[in-house]
Amino acid sequence: MKPRSWTLIALGAGTFMSALDGSVVNTILPLLGHELHASVAAIEWVTTVYLLVVSALLLGVGRAGDLYGHKVVYVTGFVLFIGGSALCGAAATLRMLIVMRALQAVGAAMLYANAPAILTKTFPPELRGRVLGAQATFTYLGLTAGPSLGGWLASAFGWRSVFYINVPVGGIALALTIWAVTRDRPEKKPERFDFAGATLFTAGLVTLLIALNQGHDRGWLSPPILALFVAALVSLAAFIIVERRRSAPMLDLSLFESRTFSASTGSALLNYICVYAVLFVLPFLLIQGRGLDTRHAGLVLTAQPIVMAIVAPLAGALSDRIGARILTTSGMIVLALGLVLVAYFVPAAP
């Protein structure tokens with residue numbers, strides 16, 4: 001039997017790759033807009049469609065891992081992600097690039113949803129905080145390397161190389177995963193995949209996110225946006241009704257009866273809203289607002305993930321000793337302070 005540390009390294013490599021891709025693409029968005037002759041609103045879909053698909057599929061592919069085995073779904077996600085990356089690099093138009101990014105996101109969702117499940121099954125409870133902190137380190141290392149690497153690749157070899165870099169990196173990570181991760185057995189219960197719940201959840205989340213994304217452009221009270229909000233409300237309400245009647249639901253809604261679960265989920269949502277909103281805006285601020293080239297903008301963008309990579313394993317180990325509440329609360333306070341400083345000081349910088 002292979003040491004458990006190899007499992008952590010294998011999954012960390014996949015986490016590194018997916019984080020690398022996200023930060024690399026964000027850095028070159030202004031360059032993509034110029035090369036493909038697209039407006040900011042149009043080029044925004046390169047990242048928006050990725051986040052849309054990942055968000056919509058996370059719940060479903062996680063449940064698929066429970067039923068059919070997390071390693072099988074994880075490896076399948078790797079293959080889709082690598083293939084989608086190659087097709088993104090070969091895209092001839094912005095529309096084709098957006099479609100291929102959606103395919104890439106399907107694979108990314110499989111990676112994101114199943115990696116934590118594999119780790120928690122592999123390691124005992126007393127080590128989980130440390131292990132998940134180590135996995136977060138791989139995430140932030142990818143975010144650290146992405147901006148500077150993306151800026152250098154785009155400057156030296158063109159924007160297509162930013163997507164092609166995922167092919168060799170992903171191939172190595174895939175081979176390591178196949179070798180190191182032990183195949184888990186799916187649940188023995190004779191349960192079927194909840195296609196109705198998955199469809200309703202996906203439809204509700206996608207329509208909601210599109211409405212939120214396009215509302216500022218089309219007008220929040222315009223008929224198309226109102227129709228999307230109504231569709232989202234109906235779909236998500238139907239999802240809740242269906243899930244309450246299922247013996248094997250896509251999402252066990254009783255989990256939200258726990259105050260700890262509900263509060264931690266809500267705080268995580270707010271945290272990622274804050275972080276990713278800034279990650280999208282900063283490249284435009286640095287390149288178009290400050291006149292930096294892609295290489296120097298990439299170097300500036302590495303500051304945040306470098307600090308995260310240092311803090312994550314320390315916080316994970318500390319949470320095993322003192323619990324997560326104090327650390328999480330302190331982290332949100334620091335994040336809020338940092339956002340205030342960025343909002344008021346960065347635009348006024350000389």
Side-chain angles (χ1 to χ4, degrees), residues 2-28 47 50-51 54 58 61 70-71 73-86 88-89 101 104-120 122-123 128 130-154 161-181 272 275-276 279 298-299 301-316:
K2 302 177 184 66
R4 290 180 301 191
S5 58
W6 280 110
T7 300
L8 176 60
I9 293 172
L11 297 180
T15 301
F16 174 84
M17 181 192 71
S18 55
L20 179 72
D21 176 77
S23 58
V24 162
V25 174
N26 282 340
T27 305
I28 65 164
T47 55
Y50 187 87
L51 296 175
V54 170
L58 275 176
V61 296
H70 294 289
K71 181 180 179 180
V73 178
Y74 188 85
V75 169
T76 303
F78 244 130
V79 174
L80 290 176
F81 188 90
I82 295 170
S85 298
C88 283
R101 280 285 282 174
Q104 191 184 36
V106 174
M110 294 180 174
L111 299 179
Y112 289 137
N114 289 276
I118 294 173
L119 287 175
T120 53
T122 303
F123 291 87
R128 285 176 187 168
R130 195 171 307 173
V131 169
L132 292 175
Q135 189 198 22
T137 300
F138 282 103
T139 300
Y140 300 133
L141 286 174
L143 294 174
T144 300
S148 55
L149 178 62
W152 176 76
L153 285 173
S161 62
V162 169
F163 294 102
Y164 285 137
I165 192 64
N166 288 326
V167 177
V169 175
I172 295 171
L174 175 60
L176 185 60
T177 299
I178 294 173
W179 174 79
V181 178
Y272 284 114
V275 171
Y276 280 97
L279 284 178
L299 290 174
L301 292 172
T302 60
Q304 180 182 9
I306 284 176
V307 175
M308 289 179 170
I310 296 171
V311 173
L314 300 176

Using modelled atom types and a 3.5 Å cut-off, is there a donor and acceptor pairing between side-chain atoms of K71 and backbone atoms of I178? yes

For Q104, run the side chain to side chain contact (heavy atoms under 4.5 Å, CB included) check against I82, N166, L80 and tell me which one passes. N166

Just verifying a value: how many Å separate H70 NE2 and L119 CG, rounded to the nearest 0.5 Å? 11.0 Å

First locate atom CZ of F138, then atom CG of L8, and finally report the distance between them rounded to the nearest 0.5 Å. 5.5 Å

Minimum heavy-atom distance between F78 and A173, given as atom pair plus value: CZ-CB, 3.4 Å

Heavy atoms of M17 and L111 approach each other most closely as CE-CD1, 4.1 Å

Kindly compute the distance separating CZ (F16) from CG (L11), expressed to the nearest 0.5 Å. 15.0 Å

Spacing of Y74 atom OH and N114 atom CG [to the nearest 0.5 Å]: 9.0 Å

Between G89 and F163, what is the shortest heavy-atom contact and its length? N-CB, 3.7 Å

Indicate yes or no: at least one non-hydrogen side-chain atom of L176 is less than 4.5 angstrom from one of W6. yes

Taking side chain to side chain contact (heavy atoms under 4.5 Å, CB included) as the test, write out the residues that go with A105, two or more places apart. Y50, V53, V54

Any donor-acceptor pair under 3.5 Å from S161 side chain to L153 backbone: yes

To the closest 0.5 Å, what do you measure between OG1 (T177) and CD1 (I118)? 8.0 Å

Mind listing the closest non-hydrogen atom pair of A86 and V167 along with its distance? CB-CG2, 4.0 Å

